[in-house]
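First up is the structure itself, then whatever we jot down about it.
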Amino acid sequence: MKKWVISLTLVMFVLAGVLSGCGGSTNKVAKIGFVGPLTGGNAAIGVGMKNSVELAINQANAAGKLPYKLELVAVDDAGDPTTAVNAANKLTSDPNIVGVVAHFNSGAALATVPVFHKNGLSAVIAAAIHPNITKDGFKEITRVITAADIQNEVAGNVAAKDWGLKTFAVIHDKTDYGKTNAEQFIASVKNNGGEVVSFDGVSVGQQDFSALLTTIKSKNPDMVFFGGVATEAALIKRQMTELKLAAIFMSDSGILSDTFNKIAGPAADGTLAHGIGKPLEDLPGGKDFIKAYADAKYAEPHEAYAPFAYDAANIIIKGIEQVGPDRAKLVEAIRGITNFQGILGETTFDEKGQTRLKIITTYISEDGKWVPYYRSTLKVKDKQIQKN
């Protein structure tokens with residue numbers, strides 16, 4: 001009796017192994033991580049990104065092309081560097097996580113890059129834009145979003161080359177963000193033959209800019225460029241109008257918010273800014289993504305950075321298709337991906353892991369809303385904003 005039981009157990013064990021080799025492998029699981037702000041001030045953006053990664057994973061599972069079931073492991077960085085490092089350590093400690101879609105905040109990304117590198121885990125940076133994130137060229141780090149310095153390079157090119165502006169007064173808010181944007185803009189306009197007639201810093205929280213703007217008015221610049229964020233930019237633009245300072249006003253992506261239009265009021269009209277990315281409906285795969293996200297019935301909106309997270313997830317999935325869920329092989333596969341067709345367009349990484357795809361959009365404030373310049377009825381003509 002005892003021998004019979006042992007024999008039957010062995011037969012069942014062998015049969016289980018045979019069945020596994022004939023298709024039972026679909027029970028295998030490969031995990032993809034997500035780390036971004038799921039709490040805090042940027043939680044809405046982070047949740048939209050997380051949902052988009054999940055959507056890509058669910059689509060891949062439904063397609064049935066992989067001999068693995070993909071699973072999402074999402075952790076919160078709260079937009080904070082210390083929390084981000086703890087979250088990255090949690091992801092790297094799970095051997096079944098083979099790739100990570102990572103970060104909205106640059107500070108968080110800068111803090112975790114060494115963690116992913118040290119542990120040999122691929123991190124595709126989705127929405128953090130600081131130029132230094134890919135500076136070291138770690139093979140584990142790639143990025144699908146255009147770096148911040150490109151928007152200011154494009155802004156300078158457009159102002160000096162396309163619109164023919166010659167003289168520029170530049171203001172910044174003394175923060176790293178504002179001053180860096182201002183300095184990058186200056187470098188770009190100088191490369192295009194522009195002249196910077198003044199360069200001044202103001203304070204965050206400052207209300208009155210009339211003395212500075214009166215001085216700038218005496219220099220008669222073609223454009224006033226501001227490096228900073230919405231509140232100070234709106235007050236500067238409003239006071240420019242009050243002082244009848246006729247120069248075109250332009251800033252960086254930090255003012256692309258309703259806050260600017262609300263504070264500036266009617267003076268906002270004709271203000272220009274450059275932002276990374278493009279309206280989702282104008283991206284190559286944007287309309288398909290919008291429909292798929294709606295069909296998935298997420299409770300939260302996808303928000304602005306969803307397409308970057310979605311493409312980052314699909315790049316990891318593409319790598320898994322090529323080499324399987326092997327961390328080391330996947331690092332090489334992701335870095336080597338070329339001409340990846342996503343909703344952003346065609347992604348190929350350079351020698352540092354940065355996408356070669358540069359998506360920068362010029363926006364203009366028109367009737368209280370930010371509108372892509374190519375759709376607006378307002379245009380720069382003869383160094384003035386004019387109705388087309």
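Since this is a predicted model, take the numbers as computed values, not measurements.
- Cluster annotation: L38 is not connected to V85 through the hydrophobic network of ILVMFWY side chains, with a link wherever side-chain heavy atoms come within less than 4.5 Å.
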If you apply the rule side chain to side chain donor-acceptor pair (under 3.5 Å), what do you find for Y68 with N61, and how did you get there? CA-CA 8 Å; Y68 316 95; N61 284 333; over 6 Å; no
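- Tracing side-chain contacts under 4.5 Å through hydrophobic residues (I, L, V, M, F, W, Y), one never reaches V331 starting from I334; they form parts of separate clusters.
- Partners of D382 according to the side chain to side chain donor-acceptor pair (under 3.5 Å) rule, which considers only residues two or more places apart in sequence or in another chain, do not exist here.
- Using cut-offs of 30° and 60° on the angle between ring planes, the pair W370 and F260 is tilted.
- Every pair passing ring pair (Phe, Tyr, Trp, His ring centres under 6.0 Å) that includes a residue from residues 177-197 is listed here, sequence neighbours excluded: F168-F185, F185-F225.
- Applying the side-chain hydrogen bond (donor to acceptor under 3.5 Å, both in side chains) test to pairs two or more places apart or on separate chains, those with a residue in residues 33-51 are T39-D76, N51-Y293, N51-E300.
- Linking Ile, Leu, Val, Met, Phe, Trp and Tyr whenever their side-chain heavy atoms come within less than 4.5 Å leaves I186 and L212 in two separate clusters.
- Remark: side-chain polar atoms of S376 are paired, donor with acceptor, to backbone N or O of L378 under 3.5 angstrom.
- Side-chain contact check for F226 versus H172: every heavy-atom pair is 4.5 Å or farther apart.
- Checked for salt-bridge contact, R375 and E281 meet the test: a charged N lies under 4.0 Å from a carboxylate O.
- When ring centroids are compared, Y310 and H302 stay outside the 6.0 Å threshold.
- Between the CD atom in Q184 and the CG atom in D149 there is a gap of 5.0 Å [rounded to 0.5 Å].
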Would you check, one step at a time, whether the test side chain to side chain contact (heavy atoms under 4.5 Å, CB included) holds for F308 with V124? CA-CA 10 Å; F308 299 97; V124 183; over 6 Å; no
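- Nearest heavy atoms, Q384 versus I248: N-CD1, 4.0 Å.
- In terms of modelled atom types and a separation under 3.5 Å, the side chain of N181 and the main chain of D252 share no donor-acceptor contact.
- A salt bridge links E366 with K387; the closest basic N to acidic carboxylate O contact falls under 4.0 Å.
- Put simply, L280 and Y305 are part of the same group of oily side chains (I, L, V, M, F, W, Y) that touch within less than 4.5 Å, one to the next.
- Of all heavy-atom pairs spanning K318 and F340, the tightest one is CB-CE1, 4.3 Å.
- Side-chain contact check for P221 versus I216: some heavy-atom pair is nearer than 4.5 Å.
- Counting heavy atoms from C-beta on, the side chains of I359 and I276 never come closer than 4.5 Å.
- Summarising the geometry of S365 relative to A268, their closest heavy-atom pair is CB-O, 3.3 Å, with the distance given to 0.1 Å.
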Dump the intermediate steps for side chain to side chain contact (heavy atoms under 4.5 Å, CB included) on F199 and I171, then the final yes or no. CA-CA 6 Å; F199 182 52; I171 308 171; over 6 Å; no
Please lay out, stage by stage, how V371 and T377 fare under the test side chain to side chain contact (heavy atoms under 4.5 Å, CB included). CA-CA 10 Å; V371 180; T377 61; over 6 Å; no
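- The shortest side-chain heavy-atom distance between T347 and I337 does not fall under the 4.5 Å cut-off.
- The number of heavy atoms from other shown groups lying within 6.0 Å of CG (D350) is above 12.
- With D269 contributing its side chain and D367 its backbone, the two residues share a donor-acceptor pair below 3.5 Å.
- Remark: D295 engages K291 in a side chain to side chain contact (heavy atoms under 4.5 Å, CB included) (not counting sequence neighbours).
- Between D222 and K383, at least one side-chain N (NZ, or NE/NH1/NH2) sits under 4.0 Å from a carboxylate O, which counts as a salt bridge.
- No more than 12 heavy atoms of other residues, nucleotides or ligands lie within 6.0 Å of NZ in K118, so this atom counts as exposed by the packing criterion.
- Listed here is the closest heavy atom pair of L213 and Q239: CD1-CB, 3.7 Å.
- Judged purely by atom type and a 3.5 angstrom limit, S188 uses its side chain to pair as donor or acceptor with the backbone of E153.
- The main-chain N or O of G107 is never found under 3.5 Å from a side-chain atom of N105 such that the two would form a donor-acceptor pair.
- Legend: residues meeting side chain to side chain donor-acceptor pair (under 3.5 Å) with N192, ordered by chain and number and at least two apart, are N157.
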Start with the C-alpha distance between H274 and Q151, add both sets of side-chain angles, then the distance that settles side chain to side chain donor-acceptor pair (under 3.5 Å), and finish with yes or no. CA-CA 6 Å; H274 285 79; Q151 66 172 318; over 6 Å; no
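- Side chain of R327 to main chain of G99: no donor-acceptor pair is present (N/O by atom type, distance under 3.5 Å, no hydrogens or angles).
- K217 contributes a side-chain N or O that, together with a main-chain N or O of L243, makes up a donor-acceptor pair within less than 3.5 Å.
- Within the model, atoms CZ of F104 and CD1 of I45 stand 4.0 Å from one another, a figure rounded to the nearest 0.5 Å.
- Its side chain within the 4.5 Å cluster rule, V113 clusters with V35, V73, V75, L91, I97, V100, L110, F116, L121, I125, I133, F138, I141 among the Ile, Leu, Val, Met, Phe, Trp and Tyr residues.
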Quick one: do T214 and L245 satisfy side chain to side chain contact (heavy atoms under 4.5 Å, CB included)? Show the steps, please. CA-CA 8 Å; T214 299; L245 202 171; over 6 Å; no
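- In terms of heavy atoms, R335 sits closest to G137 at NH2-O, 3.7 Å.
- Under the 4.5 Å side-chain criterion, counting only non-hydrogen atoms from C-beta, P307 is not in contact with S52.
- Nearest heavy-atom pair, H130 versus R143, reported as atom, atom and distance to 0.1 Å: O-NH1, 2.8 Å.
- Partner of F209 under the side chain to side chain contact (heavy atoms under 4.5 Å, CB included) criterion, out of M240, E232, R238: E232 alone.
- Judged purely by atom type and a 3.5 angstrom limit, D311 uses its side chain to pair as donor or acceptor with the backbone of I343.
- If you chain together hydrophobic residues whose side chains sit under 4.5 Å apart, M223 and F249 never meet in one group.
- I320 is listed as a side-chain neighbour of L70, based on a closest heavy-atom distance under 4.5 Å.
- For Q386 (side chain) and K381 (main-chain N/O), a donor-acceptor pair under 3.5 Å exists by modelled atom type.
- With contacts defined as side-chain heavy-atom distances shorter than 4.5 Å, the pair T355/T142 does not qualify.
- Centroid-to-centroid, the aromatic rings of Y363 and Y373 stay 6.0 Å apart or farther.
- Within the 3.5 Å criterion, the main-chain N or O of D80 finds no donor-acceptor partner in the side chain of D77.
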